[in-house]
Amino acid sequence: MASRNPPPQDYESDDESYEVLDLTEYARRHHWWNRVFGHSSGPMVEKYSVATQIVMGGVTGWCAGFLFQKVGKLAATAVGGGFLLLQVASHSGYVQIDWKRVEKDVNKAKRQIKKRANKAAPEINNIIEEATEFIKQNIVISSGFVGGFLLGLAS
C-alpha cells in the first residue's frame, strides 16, 4: 500500500516556497452573495429588466413585511400576556419577586452585552458595508423591496 505522505526529509527542503492563504482577507475580498450564488451573480441590473426587478423586490418585500407584522403582533401579545399574568400572580400573592436580585442580574447582563458589542463591532461594520454595496449595486430591486415591505406592514 502506497503512502500519501512524503518522507520527512522532503519537508526540510529550502527549494520549495509555500503560499500562505489568509482566509479572513479572502472572505473580505469576496462578497457573501458571491459565495452563496456563485461568481456569475453580479448586480441585478445586468440580468433583469427594471419592471422585473421592481416586481421581484415588491413581492419579496410584501411577503417579508406581512410576516414581520404577524410575527410582531404574536410576539407582542405573548410578552404582554405573560407580563399581565405575572403581575396578577404577584398581586394575588402566588409569586414574590426579589427586585434586588432582578436589578443585579439586569446590570450583569448589561455588562456582558457591552463586552460582546465591543468585540462584534468590526464584523458588524463589515456586514453593513457589504449590505450598503449590495443596495447600491441593486438599487431598483432594493427600492421595490422597501416599498413592498411597507405595503406588507400596512396590510
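The figures that follow rest on heavy atoms only: side chains count, while hydrogens, waters and symmetry mates do not.
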Open item on the list: Does H91 form a side-chain contact (heavy atoms from CB on, under 4.5 Å) with Q87? I'd like the steps, not just the answer.
Closed with: CA-CA 6 Å; H91 287 293; Q87 287 297 318; 3.6 Å; yes
- request: Is it possible for you to say whether F145 and I128 belong to one hydrophobic cluster, with membership spreading through side-chain heavy-atom contacts below 4.5 Å?
  value: no
Value for NZ (K100) from CD (E103), rounded to nearest 0.5 Å, stands at 7.5 Å
So OG1 of T132 and CD of Q137: to nearest 0.5 Å the spacing works out to 11.5 Å
**Request:** For the residue pair I127 and E130, establish whether any side-chain heavy-atom pair is separated by less than 4.5 Å.
**Result:** no
*Heavy atoms, side chains only, cut-off 4.5 Å: are K110 and K114 in contact?*
no
Inset, instruction - For the pair T77 (side chain) and K73 (backbone), establish whether a donor and an acceptor sit closer than 3.5 Å, ignoring hydrogens and angles. - result: yes
When rounded to the nearest 0.5 Å, the distance separating OG of S155 from CH2 of W62 is 5.0 Å
Validation row: S142, V146 side chains within 4.5 angstrom (heavy atoms): no
- prompt: Are V59 and I54 joined in one hydrophobic group, where the rule is that I, L, V, M, F, W and Y side chains link up if heavy atoms are under 4.5 Å apart?
  reply: no
When hydrophobic residues are tied together by side-chain contacts of less than 4.5 Å, even through go-betweens, does V95 share a cluster with V102?
yes
The reported gap from CZ in F68 to SG in C63 (rounded to nearest 0.5 angstrom) is 15.0 Å
| task | Take E129 and N126 through the test side-chain contact (heavy atoms from CB on, under 4.5 Å) and record every step on the way to the result. | result | CA-CA 5 Å; E129 288 172 11; N126 270 347; 4.0 Å; yes
Any side-chain heavy-atom pair of I141 and N138 under 4.5 Å: yes
L86-V106 co-clustered via ILVMFWY side chain contacts under 4.5 Å: yes
Rounded to the nearest 0.5 angstrom, the CZ-CD distance for F149 and Q69 is 10.0 Å
(Q) Treating S143 as the side-chain partner and V140 as the backbone partner, does any N or O pair qualify as donor plus acceptor under 3.5 Å? (A) yes
CG of L151 to CZ of F66, rounded to nearest 0.5 Å, is 12.5 Å
